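Some notes on the structure that comes next.
Chain A is the first sequence line, chain B the second, and so forth, proteins listed ahead of strands; every chain is numbered from 1. Heavy-atom basis, side chains included; hydrogens, waters and symmetry copies ignored. Just so you know, these numbers come straight off a predicted model, no measurement behind them.
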Protein chains: 2
Amino acid sequence: MSVTIKDIAKTAGVSYSTVSKALRDSPLVKKPTKDRIIAVANELGYQPNVAARSLVSKRSFTIGVVWPTIEQTVLSTLITTINKKLEQLSYTTLISINEVESALKIFNRYQVDAILVFDSSQSIDSYTSDVPIVTYGLANKETVYPIIDVNRLKSTYIAVQHLHNIGHRYISYIGEVENEELQREKVEGFTQAISNLGLPSFPDQIVKVQDFDQYDGYEATKQLLATTKLPTAILTGSHDLARGALQAIYEKKLSIPNDISIISYDNITAIDRFDTPLSTVGVPLDKISDKIIEVLMNVISGKEIETTIFLEPELRITTSCSNPLK
Amino acid sequence: MSVTIKDIAKTAGVSYSTVSKALRDSPLVKKPTKDRIIAVANELGYQPNVAARSLVSKRSFTIGVVWPTIEQTVLSTLITTINKKLEQLSYTTLISINEVESALKIFNRYQVDAILVFDSSQSIDSYTSDVPIVTYGLANKETVYPIIDVNRLKSTYIAVQHLHNIGHRYISYIGEVENEELQREKVEGFTQAISNLGLPSFPDQIVKVQDFDQYDGYEATKQLLATTKLPTAILTGSHDLARGALQAIYEKKLSIPNDISIISYDNITAIDRFDTPLSTVGVPLDKISDKIIEVLMNVISGKEIETTIFLEPELRITTSCSNPLK
DNA sequence: TTGAAAGCGTTACCAG
DNA sequence: CTGGTAACGCTTTCAA
């Protein structure tokens, strides 16, 4: 049996309502009494019962995260960050890996203060929730709930634009993949930029990958480098792909950025063990998590917010990227 | 404001205690009444308030999972499986990615029925929990809580034993890594088998890897195949490493199993897109999850259970493995 | 400054 | 079979 405020009240010799106030750090309790009560609580290893508390106060200080596809490692970093930041705001994060519908039901039963949905496939409109919902990463879907997403199309677009600005003409993209809406946006941004900027298209310019692992980047780049006319710059769809690309480039004894420039799409501020720090384009993870938390706090306090928020990508150019040799 | 049993009672024209019984499918309520109440509940979109329920019934039908290292993809499959199976037992799974101490606190506050801890680093004895705890994957640590783990040492041992039985003498292991206890166990099993069975040791027999991705397996195997004396069989520390190994072997135009046999350590029943279905050794994921759930249910119902349970590995030999050519 | 008491949504028990 | 009511642990008035 776990210890309750009544147990504390008994051993501290006060009423249990006083204990409640003291633990809530209410100014209505004298300092010495408060200190004594807190000491007793610690000694007894008291943990407040969330059920009882949220039953009366209608607030649980808990955010429910719906994360049906736990395999996605990109998201795991994002969730870790969000979890940490929410902890600092004294919110608890609870994750469900059930499918959306069922996870929403669970969190409604648990009366969490808000729900954050990570998902790109299922629609959530069929289910109505008493708890406010915020979603990440499905800006293309129709939803009544606030959506936060990153502008992938613009990311690859401005990357190509930069490469063009510094003089590149033959630019390749690695990371086309079948039936993935989010990846398609990146390819689209690339293609649009190439076309709008009047840059040449050439065979095998866009390289398909099976998956988004380092190995896929390695294979794709090896294939690309085997063609007769080499591009002077490569844009990759992810950090892992870029790692693989680097391996393939080094293996071919090519030099970065002299022979070839490389920019990687990513949201992670890469803490790299690479000789060449990678140039990247994308919305920094911290901006995404900050925005998500901001919106969460707003919906909790009942503020009206815009339904769709597109975060703007940033270009971070390092020594992996330079003018092509004339 | 969410709908409560009192709302249902009002619109159904019964007392709220009858509603409670009806929703619990109690035999104490007449069928027509029950049906009517359930209909109203559905119409109103009623979701039971877990807080209120667990406050009085002391049972939440929820399992808390502590998973501080969400990056580990192997575990994600295991958790997904466990989640599904618990759902069938009408238990809800809630995950926390906080560090152990803090996650335990949260779940104690939430009065979950049991806590499952996935972790290999932190010790959990310092914190005492009112809720029963079950841990996975830290059998080497000292703990008072029940531990379920797989016998990694035995896995690699019996794999080598099998290869020896069918005539192999030059066997390599890919997957040594610095400072990882669990990986060390696998290497240990390999080394013990080689030594006990009187098999030859040779330079570069055990190949180190940076990480456990496909690319690392590819690199390591390429390195291995560049030596003068090739092994006739390879054992890899994971499925991903094996995938990389296969690539390197194919690239060298070697044939499996004629030139080289391969067995992979893994707990995943691989649904493979490989030409060669991989031979594997390890405890099947289903056995692990079943055991974990069994133990969870036991601790919830207060049954005494053994503190350490080692699951035995199984060898599944396919066409990736044959006698070496004489 | 402290204590008493009501009430949150539910279950469980006891009357009717 | 159905309804009334106490109780779960806590917060929050309202009195003292």
Could you give the NZ-to-P distance, from A:K30 to C:dG3, as a whole number of Å?
11 Å
Rounding to an integer number of Å, can you tell me how far A:D130 CG sits from C:dG9 P?
12 Å
I need a per-nucleotide contact map over nucleotides 10-16 of chain C, read 5' to 3'. Cutoff is protein heavy atoms under 4.0 Å; write B for the base, S for backbone only, - otherwise.
BBBB---
Are side-chain heavy atoms of A:R59 and A:D113 found at a separation under 4.5 Å?
yes
Less than 4.0 angstrom between a side-chain N/O of A:T18 and OP1 or OP2 of C:dT2, yes or no?
no
A:R59 CZ to D:dT12 C1': how many Å, rounded?
16 Å
Take the protein atom CG of A:D25 and the nucleotide atom P of D:dT12, then report the distance between them rounded to whole Å.
14 Å
pair B:V14-B:R36: side-chain heavy atoms closer than 4.5 Å:
yes
Would you indicate whether B:E312, at its atom CD, is surrounded by more than 12 heavy atoms from other residues, nucleotides or ligands within a distance under 6.0 Å?
yes
Check whether any side-chain N or O of A:T308 sits under 3.5 Å from a backbone N or O of A:P146 as a donor-acceptor pair, and report yes or no.
no
If you look at every strand shown and take non-hydrogen atoms under 4.0 Å, does A:T33 touch a base, only sugar-phosphate, or nothing?
sugar-phosphate
With a cut-off of less than 4.0 Å, is there a side-chain N or O of A:K58 near OP1 or OP2 of C:dG9?
yes
What is the distance from CD of B:Q111 to P of D:dG9, rounded to the nearest Å?
8 Å
For a 4.5 angstrom cut-off between non-hydrogen side-chain atoms, does B:K287 reach B:E314?
yes
Quick check: are there more than 12 heavy atoms from other residues, nucleotides or ligands sitting under 6.0 Å from CD of A:E43?
no
